[in-house]
**Student:** 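My questions all concern the structure below.
Predicted, not measured: the structure shown is a model, and the values here were computed from it. FYI, side chains are in, hydrogens and waters are out, and symmetry mates aren't considered; it's all heavy atoms of this structure.
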Amino acid sequence: MSSAAADDAGDADALNNADNAPPSHTCKIVIVGAGMAGLSAANHLLKNNITDFVMLEGRNRVGGRIIAINIDGRRMELGANWIHGILGNPIYELASANGLVDIIQENNPHSVVATLPDGKRVPFHILQEIYDAYFWFFRRCEEYFLCKYLPPDGVDSVGAHLRLEISIYLEQFSEAERHIRNLIFNYLLNRETCISGCNTMDDIDLMEIGSYTELPGGNIVLPGGYSSILGPLTKNIPDAQLLKGHAATCIRWRVGLEGCSTTDSGLGEDLPARLPDNRTDNHLPDCRSGTASLSSSPSRKGRPKVEVICKNGKKFLANHVICTVPLGVLKESGRTLFDPPLPDYKMDSIERLCFGVVNKIYLEYERPFLNPGLSEVLCLWEPVDLKEPVSERWFKKIYSFTKVTDTLMLAWISGDEAKYMETLPFDVVSEKCTEILRRFLNDPFIPKPKRCINTTWWSQPFTRGSYTAIGLGASQVDITNISHPLYMQPTCSKPAVLFAGEHCHPSFYSTVHGAYLSGREAAQMLSVPDTPPEVVLNVEGTADLSSWLEGIKLN
């Protein structure tokens with residue numbers, strides 16, 4: 001027997017000897033992760049009167065990528081910023097039902113200034129012209145998914161297609177006019193990496209960019225900040241069932257089946273081959289009845305379980321696990337988090353999808369310094385040489401500074417440059433941002449901020465990135481593959497492990513409402529009865545069903 005097999009056998013024996021190694025907790029469902037998907041699943045279970053569950057959160061807080069900090073009475077959202085769309089958005093409906101959103105949204109004028117590295121400003125009509133052209137170029141990229149026709153040969157990424165469109169568009173201008181317009185296009189491409197969540201737009205598959213569904217209604221800001229949505233989602237979950245500081249290190253999803261004759265994957269792929277309800281097979285566990293007949297140990301009884309082992313040593317046994325860890329964590333530890341390991345098709349899809357890094361930089365000032373009517377400064381950098389070390393060019397990925405309040409500015413940065421920024425002290429980031437503002441506004445007296453705070457989503461062990469995009473060579477099928485549940489056996493009526501998170505929604509990936517819907521769907525699978533109630537039709541005066549049918553008149 002191999003050492004691994006010996007370990008498995010030892011673990012199985014220990015689990016069956018409750019006196020020697022009792023589990024810390026036994027429940028019906030374990031939810032791994034208390035981000036939006038996990039909170040959604042928990043609330044949906046409660047609505048269906050399922051209370052026998054435990055939530056395990058590795059951090060000492062809930063919310064996942066929804067988080068705000070308060071400094072000197074000022075609220076800064078470090079994660080999710082907007083509700084993307086109104087119609088059909090469950091997050092907007094939840095916010096409205098709890099009085100968290102203004103019914104009438106104020107449309108404050110958004111005044112921007114686009115400047116060159118030498119401080120010269122670009123006329124607004126040129127900026128508007130390029131915005132309009134870029135909008136249609138991007139819409140044409142989305143049409144490939146919707147219309148299913150093929151792009152030009154050799155053009156397989158969004159970045160390649162946009163550059164092709166841009167080059168054709170710029171041919172009509174003189175060299176000087178072309179240069180200025182090209183800088184604006186370059187700014188828009190940098191901005192798009194933050195929207196899509198990638199390093200460059202060359203990373204995004206052209207045929208799949210249209211798979212994302214944009215809900216109508218625009219981007220909504222909650223007056224109390226996005227993190228205010230966590231209140232109504234946590235108020236009904238008992239504290240005893242929401243365990244913080246419980247980082248899951250192993251999900252053993254075939255506990256009690258180690259000696260059983262099993263299929264290679266035990267996955268949903270096997271569902272068409274499930275045994276009929278009336279078939280008996282001594283080598284397969286009857287998960288509906290709650291007993292397992294193991295060929296290697298006929299004396300063992302009891303329903304097979306899923307075991308979740310935490311970093312703090314706690315163990316939890318459950319019938320089902322809803323795993324909501326982000327795609328970045330699955331990329332890093334997907335091969336070691338599960339026992340047995342995830343099947344190859346799942347890991348291949350995890351690796352193909354893109355999980356980009358997008359970070360925020362907050363700059364807080366003692367006093368206002370921008371014109372009161374100005375809300376954003378666009379930085380039109382010259383194209384960078386990617387052969388240049390990232391340490392010398394990282395700041396050129398910062399494409400704008402937006403005024404949050406008169407004394408608070410916000411900048412965004414993505415990709416490899418965002419990863420590098422996370423290694424720098426706050427004061428270095430602050431000095432570089434001050435240098436950029438002074439340069440592009442041609443004003444050496446712009447003050448240094450009194451405080452600089454930047455996010456570090458790549459360094460965070462429970463995220464390892466920001467949100468999902470469909471990378472080059474990936475597709476919606478990969479999202480479906482990841483979200484597909486794991487079954488202990490083909491005969492099981494319900495899965496052992498379910499997956500949820502924004503990376504599990506095929507058309508709302510990268511959004512909070514996508515995470516919410518995926519968590520709700522996972523909970524719904526566990527909320528339906530194991531066996532549908534039997535329906536008996538009694539019709540008076542009929543001897544059998546055929547005679548009753550004969551009496552039906554079709555008018």
**Student:** Pairing donors with acceptors under 3.5 angstrom, does anything connect the side chains of Asp132 and Gln128?
**Tutor:**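 Side-chain D/A pair, Asp132 to Gln128: present.
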**Student:** Walk me through it: do Lys403 and Leu410 pass the test side-chain contact (heavy atoms from CB on, under 4.5 Å)?
**Tutor:** CA-CA 6 Å; Lys403 185 193 294 183; Leu410 171 62; over 6 Å; no
**Student:** Who passes side-chain contact (heavy atoms from CB on, under 4.5 Å) against Ala411, sequence neighbours left out?
**Tutor:**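 Applying side-chain contact (heavy atoms from CB on, under 4.5 Å) to Ala411 gives Ile361, Ile398, Phe401.
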**Student:** Is there a salt bridge (charged side-chain N to carboxylate O under 4.0 Å, His left out) between Arg438 and Asp443? Walk through the geometry before answering.
**Tutor:** CA-CA 5 Å; Arg438 288 175 176 178; Asp443 183 355; over 6 Å; no
**Student:** Does any part of the side chain of Leu380, heavy atoms only, come nearer than 4.5 Å to the side chain of Ile184, both counted from C-beta?
**Tutor:**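 Yes; the side chains approach each other to less than 4.5 Å.
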**Student:** Under the 3.5 angstrom rule, does the side chain of Ser518 hit a backbone N or O of Gly501 as a donor-acceptor pair?
**Tutor:**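 It does hold such a pair.
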**Student:** Side chains of His84 and Glu214: do they bring a donor and an acceptor to under 3.5 Å?
**Tutor:**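 Result is no, nothing qualifies.
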**Student:** Consider only side-chain N and O atoms of Thr456 and Gln460, and report whether a donor and an acceptor are under 3.5 Å apart.
**Tutor:**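 Per modelled atom types, Thr456 and Gln460 side chains form a pair under 3.5 Å.
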**Student:** Minimum heavy-atom separation for Met421 and Thr455, please, with both atom names.
**Tutor:**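 The answer is CE-O, 3.9 Å.
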**Student:** Compare all side-chain heavy atoms of Leu370 with those of Leu441 and state whether any distance is below 4.5 angstrom.
**Tutor:**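 Sidechains of Leu441 and Leu370: in contact.
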**Student:** Just do the side-chain contact (heavy atoms from CB on, under 4.5 Å) check on Tyr362 and Leu408 with the steps written out, would you?
**Tutor:** CA-CA 7 Å; Tyr362 280 105; Leu408 184 65; 4.0 Å; yes
**Student:** Consider only side-chain N and O atoms of Glu93 and Ser96, and report whether a donor and an acceptor are under 3.5 Å apart.
**Tutor:**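 Short answer, no.
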**Student:** Can you tell me if Lys120 and Asn442 form a side-chain donor-acceptor pair at under 3.5 Å?
**Tutor:**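 No.
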**Student:** When the aromatic ring centroids of Phe462 and Trp457 are compared, is their separation below 6.0 Å?
**Tutor:**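 For Phe462 and Trp457, the ring centres are not under 6.0 Å apart.
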**Student:** So, for Ser211 and Glu208, which heavy atoms are closest and what is the spacing to 0.1 Å?
**Tutor:**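 Where Ser211 meets Glu208 most closely, the heavy atoms are OG-O, 2.6 Å.
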**Student:** Look at the side chain of Asn190 and the backbone N and O of Tyr187, then say whether any donor-acceptor pair between them is shorter than 3.5 Å.
**Tutor:**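 Absent.
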**Student:** Within a strict 4.5 Å, meaning less than it, do heavy atoms of the Val429 and Phe395 side chains meet?
**Tutor:**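 Val429 does not reach Phe395 side chain to side chain.
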**Student:** Any pair with a residue in residues 466-475 that passes side chain to side chain donor-acceptor pair (under 3.5 Å), sequence neighbours left out, goes on the list, sorted by first then second residue, please.
**Tutor:**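 Applying side chain to side chain donor-acceptor pair (under 3.5 Å) to every pair that reaches into residues 466-475, excluding sequence neighbours, yields Thr468-Glu502.
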**Student:** Classify the ring geometry of Phe185 against Tyr169: parallel below 30°, tilted from 30° to 60°, perpendicular beyond 60°.
**Tutor:**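 The rings of Phe185 and Tyr169 stand perpendicular, inter-plane angle above 60°.
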**Student:** Are Tyr131 and Phe135 an aromatic pair, judged by ring center distance below 6.0 Å?
**Tutor:**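 They do not qualify: ring centres at least 6.0 Å apart.
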**Student:** Can you tell me which residue among Lys331, Lys346, Arg335 is in a salt bridge (Lys or Arg N to Asp or Glu O under 4.0 Å) with Glu351?
**Tutor:**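 In the set Lys331, Lys346, Arg335, the residue that makes a salt bridge (Lys or Arg N to Asp or Glu O under 4.0 Å) with Glu351 is Arg335.
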**Student:** Can you find a heavy atom in the side chain of Ser333 that is under 4.5 Å from one in the side chain of Val325?
**Tutor:**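 Sidechains of Val325 and Ser333: no contact.
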**Student:** Test side chain to side chain donor-acceptor pair (under 3.5 Å) on Tyr134 and Glu165 and set out the steps.
**Tutor:** CA-CA 9 Å; Tyr134 179 84; Glu165 295 259 28; over 6 Å; no
**Student:** Got a sec: does the CD of Glu388 have more than 12 other heavy atoms crowding it under 6.0 Å?
**Tutor:**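 Result for CD/Glu388: enclosed.
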**Student:** Look at the side chain of Thr115 and the backbone N and O of Phe440, then say whether any donor-acceptor pair between them is shorter than 3.5 Å.
**Tutor:**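 Yes; judged by distance alone, with no hydrogens or angles, the pair exists.
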**Student:** Would Tyr144 and His161 count as a ring pair (Phe, Tyr, Trp, His ring centres under 6.0 Å) if you check the C-alpha gap in whole Å, the side-chain angles of each, and the deciding distance to 0.1 Å?
**Tutor:** CA-CA 11 Å; Tyr144 287 109; His161 195 279; 5.1 Å; yes
**Student:** For residues Phe338 and Phe499, establish whether the separation of their ring centroids is below 6.0 Å.
**Tutor:**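 Under 6.0 Å, so yes.
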**Student:** Hydrogens and angles aside, do Asp416 and Asn199 bring a side-chain donor and acceptor to less than 3.5 Å of each other?
**Tutor:**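 Indeed, the side chains of Asp416 and Asn199 share at least one donor-acceptor pair under 3.5 Å.
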**Student:** So, for Ile86 and Tyr92, which heavy atoms are closest and what is the spacing to 0.1 Å?
**Tutor:**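 Reported closest heavy-atom pair: CG2-CE2, 3.4 Å.
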**Student:** Among Lys419, Arg464, Glu422, find the one that has a side chain to side chain donor-acceptor pair (under 3.5 Å) with Ser459.
**Tutor:**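 Of Lys419, Arg464, Glu422, side chain to side chain donor-acceptor pair (under 3.5 Å) with Ser459 is met by Glu422 alone.
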**Student:** Do Glu142 and Tyr212 pair up side chain to side chain, a donor and an acceptor below 3.5 Å, judged on atom types alone?
**Tutor:**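 No - no donor-acceptor pair under 3.5 Å links their side chains.
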**Student:** Please report the closest heavy-atom contact between Asp205 and Gly473, naming both atoms and the distance.
**Tutor:**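 For Asp205 and Gly473, the tightest heavy-atom pair comes out as OD2-N, 2.9 Å.
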**Student:** When you look at Phe145 and Leu206, which way does the side-chain contact (heavy atoms from CB on, under 4.5 Å) test go after all the steps?
**Tutor:** CA-CA 8 Å; Phe145 177 83; Leu206 177 60; over 6 Å; no
**Student:** Go through the steps for Glu417 and Arg393 under the test salt bridge (charged side-chain N to carboxylate O under 4.0 Å, His left out), then give the verdict.
**Tutor:** CA-CA 8 Å; Glu417 294 82 357; Arg393 60 174 169 83; 2.7 Å; yes
**Student:** Between Lys360 (side chain) and Glu77 (backbone), is there a donor-acceptor pair under 3.5 Å?
**Tutor:**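 The answer is yes, because a donor-acceptor pair under 3.5 Å joins these two groups.
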**Student:** Can you confirm whether Phe445 is buried at CZ, in the sense that more than 12 heavy atoms of other residues, nucleotides or ligands lie under 6.0 Å from that atom?
**Tutor:**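 No, the 6.0 Å shell around CZ holds no more than 12 heavy atoms from other groups.
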**Student:** Using only heavy-atom distances, determine whether the side chains of Tyr509 and Gln476 contain a donor-acceptor pair under 3.5 Å.
**Tutor:**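 Per modelled atom types, Tyr509 and Gln476 side chains form no pair under 3.5 Å.
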**Student:** Just by modelled atom types, is the Leu94 backbone N or O under 3.5 Å from a matching donor or acceptor in the Asn98 side chain?
**Tutor:**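 Confirmed, Asn98 side chain pairs with Leu94 backbone.
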**Student:** Could you tell me whether the side chain of Ser483 and the main chain of Ile479 form a donor-acceptor pair under 3.5 Å?
**Tutor:**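 At least one qualifying donor-acceptor pair exists.
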**Student:** Could you walk me through whether Lys432 and Glu435 pass salt bridge (charged side-chain N to carboxylate O under 4.0 Å, His left out), step by step?
**Tutor:** CA-CA 5 Å; Lys432 184 57 68 174; Glu435 178 185 319; 3.4 Å; yes
**Student:** Report the residue from Ser414, Cys379, Cys194 that forms a side-chain contact (heavy atoms from CB on, under 4.5 Å) with Tyr399.
**Tutor:**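 It is Cys194; the other options fail the test.
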**Student:** Just one of Glu366, Arg74, Arg367, Glu364 clears the side chain to side chain donor-acceptor pair (under 3.5 Å) bar with Thr407, so which one?
**Tutor:**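 Per the side chain to side chain donor-acceptor pair (under 3.5 Å) rule, the option paired with Thr407 is Arg74, out of Glu366, Arg74, Arg367, Glu364.
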**Student:** Do any N or O atoms from the side chain of Asn89 and from the backbone of Gly85 form a donor-acceptor pair under 3.5 angstrom?
**Tutor:**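 It does hold such a pair.
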**Student:** Could you tell me whether a side-chain N or O of Lys396 sits under 3.5 Å from a main-chain N or O of Pro383, the two making a donor and an acceptor?
**Tutor:**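 Not a single qualifying donor-acceptor pair exists.
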**Student:** With distance as the sole test, does Asn43 use its side chain to make a donor-acceptor pair with the main-chain N or O of Leu233 at under 3.5 Å?
**Tutor:**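 Flag set: sc Asn43 to bb Leu233 pair under 3.5 Å.
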**Student:** Mind listing the closest non-hydrogen atom pair of Ile322 and Ala500 along with its distance?
**Tutor:**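 Heavy-atom minimum between the residues: CG2-CB, 4.4 Å.
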**Student:** Grab the two heavy atoms, one from Asp202 and one from Arg163, that are nearest each other, plus how far apart they are.
**Tutor:**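 So the minimum-distance heavy-atom pair works out to OD1-NH1, 2.8 Å.
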**Student:** Measure from the side-chain N and O atoms of Ser111 to the backbone N and O of Leu374, and report whether any donor-acceptor pair falls under 3.5 Å.
**Tutor:**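 Looks like no, no N/O pair under 3.5 Å.
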**Student:** Compare all side-chain heavy atoms of Lys450 with those of Tyr365 and state whether any distance is below 4.5 angstrom.
**Tutor:**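 Of all side-chain heavy-atom pairs linking Tyr365 with Lys450, none is under 4.5 Å.
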**Student:** Under the criterion side-chain contact (heavy atoms from CB on, under 4.5 Å), I'd like the reasoning laid out for Leu378 against Leu127: C-alpha separation, chi angles, the key distance, then a yes or no.
**Tutor:** CA-CA 10 Å; Leu378 310 185; Leu127 188 64; 4.0 Å; yes
**Student:** Determine whether the aromatic ring centres of residues His513 and Phe508 are separated by less than 6.0 angstrom.
**Tutor:**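 Yes, close enough.
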**Student:** Verify the distance criterion only: is there a donor paired with an acceptor across the side chains of His246 and Glu57 at less than 3.5 Å?
**Tutor:**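 Looking only at side-chain atoms, Glu57 and His246 do not form any donor-acceptor pair under 3.5 Å.
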